[in-house]
Engineer: 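Sharing a structure with you now.
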Amino acid sequence: MGDGLRRVWIVVLLNCIVLACGVTDPNDLNILIDFKNGLENPELLKWPDKGDDPCGEPLWPHIFCANGSVTQIQVQNLGLKGPLPQNFNSLKKLYNIGLQRNHFNGKLPTFRGLSELQYAYLDYNEFDTIPSDFFVGLSSLLVLALDYNPLNQTTGWSIPSELGDSAQLTNLSMMNCNMVGPVPDFLGKLSSLNALKLSYNRLSGDIPESFGQSLMQILWLNDQDGGGMSGPIDVIANMSSLTQLWLHGNQFTGTIPVNIGALSSLKDLNLNKNQLVGLIPQSLADMELDSLDLNNNHLMGPIPKFKAGVVSYDSNSFCQLKPGVSCSPEATSLLDFLGGMNYPLNLASQWSGNDPCEGPWLGVSCNSKLEVSSINLPRYNLSGRLSPSIGELLSLVEIRLGENNVSGTVPQNLTELNSLRLLDLSSNNLEPPLPTFQESVKVLIEGNPLFVSNRTLAPPSSARGTPSDSPSLQPTKLRNNSSKKFKLVIAGVIAIGAIIVLIVIFLCIYLPKKRKEPSKASSSIVVHPKDPSDPENLVKVAISDNTTGSLFTQTTTSIGSDSSNATESSYMIEAGNLVISVQVLRKVTNNFSPENEVGRGGFGTVYKGEMESGIQIAVKRMEASPTSSKASDEFQAEIAALSKVRHRHLVSLFGYSIEGNERLLVYEYMPQGALSRHLFHWKTLKLQPLPWTTRLTIALDVARAMEYLHSLARQTFIHRDLKSSNILLDDKFRAKVSDFGLVKLAPDGQRSVVTRLAGTFGYLAPEYAVMGKITTKADVYSYGVVLMELLTGLTALDERRSEESRHLAEWFWRIRSSKEKLKAAIDPPLDTTEETLESISIIAELAGHCTAREPNHRPDMCHAVNVLSPLVEEWKPTVDESDNSFGNDSSPPLLQMLKAWKESESSTVSYNSLSDNSKGSIPERPAGLADSFNSADAR
């Protein structure tokens, strides 16, 4: 009986122990209840309404316990919304918390004192504030993720020094959470740190030197806003454990370290969009990387043959286009000289190509034989040593490097430059000895502190033939009679030249006054278009300024040159355009009557005009003052660029007029107007919606036009404002790209140009909006947005739409991979059969590629043409599309127009051919781009 009673008591005692061990710590329970009560959607937790034992049997969902204390909370990706209780750090045994990918908001509670916390995943939420003591006492922390939280959005926040006490930290990820200031030095001293991801913040300053001793494998510092990080990247060459390094989207400067090849574990290197200069080290070319991105820097010299699997290096200043091809000897010598000066950015950004005499190499001049004759770089803040390589430029006549910070000695081989006449090295930090130059060379060396006396400067008199005692420190100055005679001859030549110039000026000013004053009726000269293949394809066009009655001449200058006065500016206007009288255009537009108005744009108003022969034209009339810099730039750019391009799918320019304050452009009339009318306003305008086959054809037409501008024309044109309102349609709904007012001409051998921001929001590529450096890939992005508009019938940007779908490109990117969502997003008027759905999916995929965030991930326009061509069924162009001209079908309308102008306005217009052999023949018509003159959409 005693043994039986004893057994009962043992069972009861064991049950009590089990029950006691299962009871949750009351403090932890209260925090969990506060956590639940603070949520807007607590039902997603599926915690019981009644019950006070989260750590009992069964455990509450998403809760893990040990000895009655909460050790883990795992609620990731549940869609929870609401704040966290501010006493969250009272969960003393918490070692793993997973709150990522929810909608938690408000202020983050401090984690101060959570000494057992090892894993904290707080990323992809909506926390807006982080307390200053958040990181205090996290001595066991291994992983911390705070990515994509709008923390301290106004002021930003810096990584506090207390995080340095987390000595076991292995992974730190804090991307896009508004961090500011420099990267802390102590991060490089955390011996366990394996991955550091700080992308998309507002960090600045250099990469800390302590990183050179770090064993981290992954380092992401890319895409910092507000200018980004800067300074050299030499320290990375010592980070021997790196496998992935992303530094793109910053302002890092200097050269790529030559010993970068020592990073034997590195597989992914992205240096895109920085300010790196100099040659690509051979050690980098020999690295067997999986991916290497060097785009959008100022790298120079030859392109080496890379061993990397995927490599891109567009938009740099290389001397050659193909890997493995050496630079010309002159380019090599100048680049060596620049290397001795540490590749200053102001020169590295200007020295590109393989021929210094063809491209605009700043400070370099050439003679008539296209040989480098002068290096003229005084006061350029150059710092470094003179390279002997400039001694290989045997045609050098002048070297001007005064008032810089050049150090070291003067290379001896400069004395072998037989053509050299001037060597200006004044006001630098050069040191003796000075080589002995020929007497014909004028050497300026004053202002170099280490040359303390004439004795130091002057070589022995026996070497010169005459003693050198000039107090101006010019040891090679000649003082003989022949020199004096030579100077007298030069003075005489200069005097005679001055007299001739004065006579020319007199004739230019006074002779026109003796001529008959031109009347308003003869204020313009109409000129036949000239053959674009003619090498002398530049013509001066005399135009009367009716406000003054004087004549001025338009000569050549570059696209987009600033102009403060339209009647005094020099425009680049190549032959091939027609100067048309304002009186003619007033007549055909009924004096620019409102009933003839067909659209308005950023440039001004567009009017429809009709010739007596029945030919219709569109006249774009500038409304801004001609002295407006922006309007003048666009006017010049459009005329200049249209003289260089010819393609069936570019709207053609018939002529222009500059009289007094009038600035007008005349184009072919596109009867169906802008694509935007048929996509977004077809109901209000009572139009028929475009069928899918027509939209496909339009997409292909535009792709062909952009392919021509980017890669098939003689030069690379970047449109900058491709959008649906700048795509015009003819009677057969064939598309032509218009509006060349914002065009940029990329320098020879390059596909990028740095410029101020211009274009239309919704179509702007992200890298252009942030960095201001535009490439052809920015046009590809805009084209991708146009494809999305063709698919959905939605505008690129609409503030009236929900925040989620306000920006078409961002929203379309999220839904394009879902077949159901994509089908729901298709423009309702489209007949979505299985056949059309297949092609729609292809176009959706192409649109996604074209709008990739990184420009090097976007295809070229030739890829778009190749994708679209097979989808356009039974499409038979009237002429071969491979021919980039308009063909003969474009000439008769122009001839009729010319005849109409000549016959009806013979008293107003002087009609003269530029070449004798063109009489009686049909002149070739230039073609180009126009503004959105048939669109109701303003820019």
Side-chain angles (χ1 to χ4, degrees), residues 578 580-624 631 634-635 638-639 642 649-657 662-690 694 698 701-702 705 721-742 760 789 795 890 893-894 896-897 900-901 927-939:
L578 297 174
I580 306 169
S581 171
V582 171
Q583 285 73 17
V584 172
L585 300 181
R586 288 186 182 278
K587 180 178 180 180
V588 300
T589 61
N590 193 20
N591 199 25
F592 304 114
S593 64
E595 39 287 10
N596 279 4
E597 183 179 321
V598 294
R600 289 179 177 267
F603 180 95
T605 307
V606 182
Y607 299 89
K608 178 182 177 181
E610 186 169 341
M611 307 300 295
E612 291 182 359
S613 61
I615 295 176
Q616 294 179 333
I617 60 173
V619 182
K620 185 165 64 171
R621 186 186 194 191
M622 180 189 291
E623 291 184 348
E634 292 194 22
F635 186 80
E638 207 150 349
I639 297 175
L642 293 175
H649 297 301
L650 302 179
V651 173
S652 58
L653 176 72
F654 286 159
Y656 64 92
S657 182
E662 290 284 9
R663 300 290 182 271
L664 303 111
L665 296 170
V666 184
Y667 305 93
E668 62 175 316
Y669 181 69
M670 300 292 286
Q672 293 299 334
L675 172 62
S676 56
R677 300 173 71 242
H678 300 268
L679 290 180
F680 316 131
H681 311 298
W682 61 274
K683 288 184 179 179
T684 56
L685 297 175
K686 297 181 180 180
L687 304 172
Q688 291 297 318
L690 297 176
T694 301
I698 291 171
D701 290 347
V702 176
D721 201 19
L722 180 64
K723 55 184 177 181
S724 54
S725 59
N726 285 341
I727 298 169
L728 307 181
L729 305 176
D730 64 12
D731 275 327
K732 298 180 181 179
F733 289 90
R734 301 305 299 272
K736 298 190 179 187
V737 175
S738 71
D739 193 344
F740 230 159
L742 298 181
T760 304
E789 292 179 325
T795 55
S890 66
L894 179 59
Q896 295 177 46
M897 289 178 63
W901 284 331
L929 306 181
D931 204 319
S932 53
F933 49 77
N934 290 324
S935 170
D937 303 332
R939 180 177 303 156

Engineer: Once rounded to the nearest 0.5 Å, what's the spacing between atom CG of D731 and atom CD of Q672?
Structural biologist: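 D731 atom CG to Q672 atom CD measures 6.0 Å (nearest 0.5 Å).
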Engineer: Once rounded to the nearest 0.5 Å, what's the spacing between atom CG of L679 and atom CD1 of I698?
Structural biologist: 7.0 Å
Engineer: Is E597 close to K608 at the side-chain level, that is, under 4.5 Å between some pair of heavy atoms?
Structural biologist: no
Engineer: Using the rule given for side chain to side chain contact (heavy atoms under 4.5 Å, CB included), can you reason through L675 versus L690, listing the C-alpha separation, both sets of side-chain angles and the distance that settles it, and then say yes or no?
Structural biologist: CA-CA 9 Å; L675 172 62; L690 297 176; 3.6 Å; yes
Engineer: Does R586 make a cation-pi contact with F592, if we ask for NZ or CZ under 6.0 Å from the ring centre and within 45° of the axis?
Structural biologist: no
Engineer: Please report the closest heavy-atom contact between A674 and S725, naming both atoms and the distance.
Structural biologist: CB-O, 3.7 Å
Engineer: Suppose we screen for salt bridge (Lys or Arg N to Asp or Glu O under 4.0 Å). Which residues come up paired with E610, at least two apart in sequence or across chains?
Structural biologist: none
Engineer: Keeping T589 on the side-chain end and L585 on the backbone end, is there a donor-acceptor pair under 3.5 Å?
Structural biologist: yes
Engineer: Is any side-chain heavy atom of L722 closer than 4.5 Å to a side-chain heavy atom of I727?
Structural biologist: yes
Engineer: How long is the span from the CG atom in L664 to the NZ atom in K620, to the nearest 0.5 Å?
Structural biologist: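 The CG atom of L664 sits 10.5 Å away from the NZ atom of K620.
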Engineer: So, H678 side chain and F733 main chain: donor-acceptor pair closer than 3.5 Å or not?
Structural biologist: no
Engineer: How long is the straight-line distance from NZ of K723 back to OG1 of T795, given to the nearest 0.5 Å?
Structural biologist: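 Interatomic distance, T795 OG1 to K723 NZ, rounded to 0.5 Å: 12.0 Å.
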Engineer: Salt bridge between K736 and E668, side-chain N to carboxylate O under 4.0 Å?
Structural biologist: yes
Engineer: Which pair of non-hydrogen atoms, one from D721 and one from N726, has the smallest distance, and what is that distance?
Structural biologist: O-ND2, 2.8 Å
Engineer: Rounded to the nearest 0.5 Å, what separates atom OH in Y656 from atom CG in L665?
Structural biologist: 10.0 Å
Engineer: At their closest point, which heavy atom of P671 faces which heavy atom of D730, and how far apart are they?
Structural biologist: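 Smallest heavy-atom distance, with atoms named: CD-CA, 3.9 Å.
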Engineer: Give me the atom names and distance for the closest heavy-atom approach of L728 to M670.
Structural biologist: O-CE, 3.6 Å
Engineer: So does Q688 have more than 12 non-hydrogen atoms from other groups sitting under 6.0 Å from CD?
Structural biologist: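 12 or below, so no.
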Engineer: For the atom pair OG (S738) and OH (Y667), what is the distance rounded to the nearest 0.5 Å?
Structural biologist: 8.5 Å
Engineer: Side-chain contact test, heavy atoms from C-beta onward, threshold under 4.5 Å: evaluate it for V619 versus I617 and give yes or no.
Structural biologist: yes
Engineer: Is any side-chain heavy atom of Y607 closer than 4.5 Å to one of R621?
Structural biologist: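 Yes - at least one pair of side-chain heavy atoms lies under 4.5 Å apart.
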